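What follows is a set of notes on a single structure, which appears directly below.
Please read all numbers here as calculations on a predicted model, not as lab measurements. Quick note: numbers below take in every heavy atom, side chains included, and nothing from hydrogens, waters or symmetry partners.
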Amino acid sequence: MKIGYPCINRTLDCTSNRTFRLKSYSVENLIEKVENNLDCLERILRFNIERDMLFFRISSDLVPFASHEVNDYDWGGHFRDKFKELGDLIKENDIRISMHPDQFIVLNSNKEDVYHRSVDELLYHAEVLDFLGLNNTAKIQLHVGGVYDAKEKSKKRFIDRYQDLDGAIKKRLVIENDEKSYSVKDCLEISEESGVPVLFDYFHHSLKNDGEEFCWILKKVESTWKNRDGIPMVDYSSQMMDEREGRHAESIEKKDFNKFIEISKPYDFDLMLEIKDKEKSAMKVVDLVSDDPRFIPAQI
DNA sequence: TCACGTCAAGCAGAT
DNA sequence: ATCTGCTTGACGTGA
């Protein structure tokens, strides 16, 4: 079990999310921002290694407008050495990597152009992981998508389009249960038909479920990850107290977390903490699980 | 230097 | 019909 957090480090004065407005697109601007983003990514990863956090989600904003039509620049070639250097750092330290395209990426959309743009954006994510030289255990996590008042049809459309994906995307794509449309049971059904691994989101599950037993889920989810995929990834976050349902907590709630970690004992997975204060909560969790036999700290 | 309106993109659910 | 939330965070204009 490796511990991680997504995209942003609030301790370091360095963000791998620098971007710019579409209006101000230029190759110079692109290069400047990507250079900053890759440098900050390296600083964040080194920060994490020193603190035994070996799981990290790379921001989708790493290369602004990467799949947009204005951008025909060969950023992969330009930054080839830097990508390789970063990839080596990741591999030498056994860091697990994920990426999470945001809400605009809808593979099963009922609009053709949304579908095609989504594939382009997925290809960009796969390219980043390929340029880093990472194996199949580095994953791209995606929600199933829209329902359009026709869930079975929409599931089918997802499966068909998944089968048609380029191998570079297919080997990395995993699906995640969301908080209002597709439960983990839906995801498992899609997985059964298509072979796509299922990433379990504990918090989404508490908001949208079909009453499945927690342990049953972990067992089923685990079986969707093959050897080449690595151990499962699990997302965890806790509800902000006294706030609208679905709000992420500002900081980790120890009680709820300890319950979760206790129940999950028979299973191993890498754990992503989606908590607002990012690395601070992840560091607390490293402390909480330090005696857990599953926990993997940094080597030296 | 700072405040604040705005930003490529989709969808569901609330108002 | 229109607005809000989702990882909301970061840009960039105007004062």
If you check the [X] side chain, which of [options] turns out closest?
X        : options                : value
A:Thr19  : C:dG12, C:dC11, B:dA9  : C:dC11
A:Asn17  : B:dG10, C:dG12, C:dG9  : C:dG9
A:Arg117 : B:dC11, C:dC11, B:dA9  : B:dA9
A:Val106 : C:dT7, B:dC11, C:dA10  : B:dC11
A:Val147 : B:dA12, C:dG9, B:dA8   : B:dA12
A:Glu121 : C:dG9, B:dG10, B:dA8   : B:dA8
A:Arg18  : C:dG12, C:dA10, B:dG10 : C:dA10
A:Tyr148 : C:dC6, B:dA9, B:dC11   : B:dC11
A:Lys180 : B:dG13, B:dA8, B:dA9   : B:dG13
A:Ser67  : C:dC11, B:dA8, C:dA10  : B:dA8

Should [X] be listed as having a side-chain N or O under 4.0 Å from OP1 or OP2 of [N]?
X        : N      : value
A:Lys276 : C:dT8  : yes
A:Ser24  : C:dC11 : no
A:Lys23  : B:dA8  : no

Integer-rounded Å distance: [N] [atom2] and [X] [atom1]:
X        : N      : atom1 : atom2 : result
A:Lys208 : B:dC11 : NZ    : P     : 18 Å
A:Asp149 : B:dA12 : CG    : C1'   : 10 Å
A:His204 : B:dA12 : NE2   : C1'   : 14 Å
A:Asp235 : C:dC6  : CG    : C1'   : 14 Å
A:His125 : B:dA9  : NE2   : C1'   : 12 Å
A:Asn37  : C:dC11 : CG    : C1'   : 13 Å
A:Asn110 : B:dA12 : CG    : C1'   : 13 Å
A:Gln103 : C:dC6  : CD    : P     : 10 Å

Write down the distance separating the [atom1] atoms in [N] and [M], rounded off to the nearest Å.
N      : M      : atom1 : result
B:dC11 : C:dG9  : P     : 24 Å
B:dA3  : C:dT7  : C1'   : 23 Å
B:dG5  : C:dT8  : C1'   : 14 Å
C:dC6  : B:dC4  : P     : 22 Å
C:dC11 : B:dG10 : C1'   : 23 Å
C:dT13 : B:dA8  : P     : 12 Å

So [X], base contact, sugar-phosphate only, or nothing? Heavy-atom distance under 4.0 Å.
X        : answer
A:Arg57  : nothing
A:Ser59  : nothing
A:Asp102 : base
A:Ser109 : sugar-phosphate

*Taking disulfide (SG to SG under 2.5 Å) as the test, write out the residues that go with A:Cys14, two or more places apart.*
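Once residues adjacent in sequence are excluded, the partners of A:Cys14 under the disulfide (SG to SG under 2.5 Å) criterion are A:Cys40.
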*Identify which one of A:His100, A:Arg57, A:His205 satisfies the side-chain hydrogen bond (donor to acceptor under 3.5 Å, both in side chains) criterion when paired with A:Asp235.*
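With A:Asp235 as partner, A:His100, A:Arg57, A:His205 yield a single side-chain hydrogen bond (donor to acceptor under 3.5 Å, both in side chains), made by A:Arg57.
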So, are [X] and [Y] salt-bridged, with charged N and O less than 4.0 Å apart?
X        : Y        : answer
A:Lys82  : A:Asp39  : yes
A:Lys155 : A:Glu152 : yes
A:Glu50  : A:Arg43  : no

*asked:* Counting neighbours of NZ on A:Lys185 that are heavy atoms of other residues, nucleotides or ligands and sit closer than 6.0 Å, is the number greater than 12?
replied: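 No, not enclosed.
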_Checking A:Ser264 against A:Tyr202 for the side-chain contact (heavy atoms from CB on, under 4.5 Å) test, could you report, in this order, the C-alpha distance in whole Å, the side-chain angles of both residues, the deciding distance, and whether it holds?_
CA-CA 11 Å; A:Ser264 73; A:Tyr202 176 76; over 6 Å; no
*Any N or O donor-acceptor pair linking the side chain of A:Arg21 to the base of B:dA8 at under 3.5 Å?*
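There is none.
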_If a pair means Watson-Crick or G-U wobble with both distances below 3.5 Å, what does DNA chain C look like in dot-bracket form, with | marking bases paired to a different strand?_
||||||..|||||||
*asked:* Should A:Phe104 be counted as stacked on B:dG10, where stacking needs a ring-centre gap under 5.5 Å and an angle between planes under 30 degrees?
replied: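 Taking the rule of under 5.5 Å and under 30°, the ring of A:Phe104 does not stack on B:dG10.
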*Could you label the plane-to-plane angle of the A:Phe20 and A:Tyr25 rings as parallel, tilted or perpendicular, counting under 30° as parallel and over 60° as perpendicular?*
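Tilted, since the angle between the ring planes falls between 30° and 60°.
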*Going by the angle between their ring planes, with limits at 30° and 60°, are A:Trp75 and A:Tyr124 parallel, tilted or perpendicular?*
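Perpendicular.
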*Measure the spacing between OG of A:Ser60 and CG of A:Asp102 and express it to the nearest 0.5 Å.*
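Answer for the OG-CG pair, A:Ser60 versus A:Asp102, is 5.5 Å.
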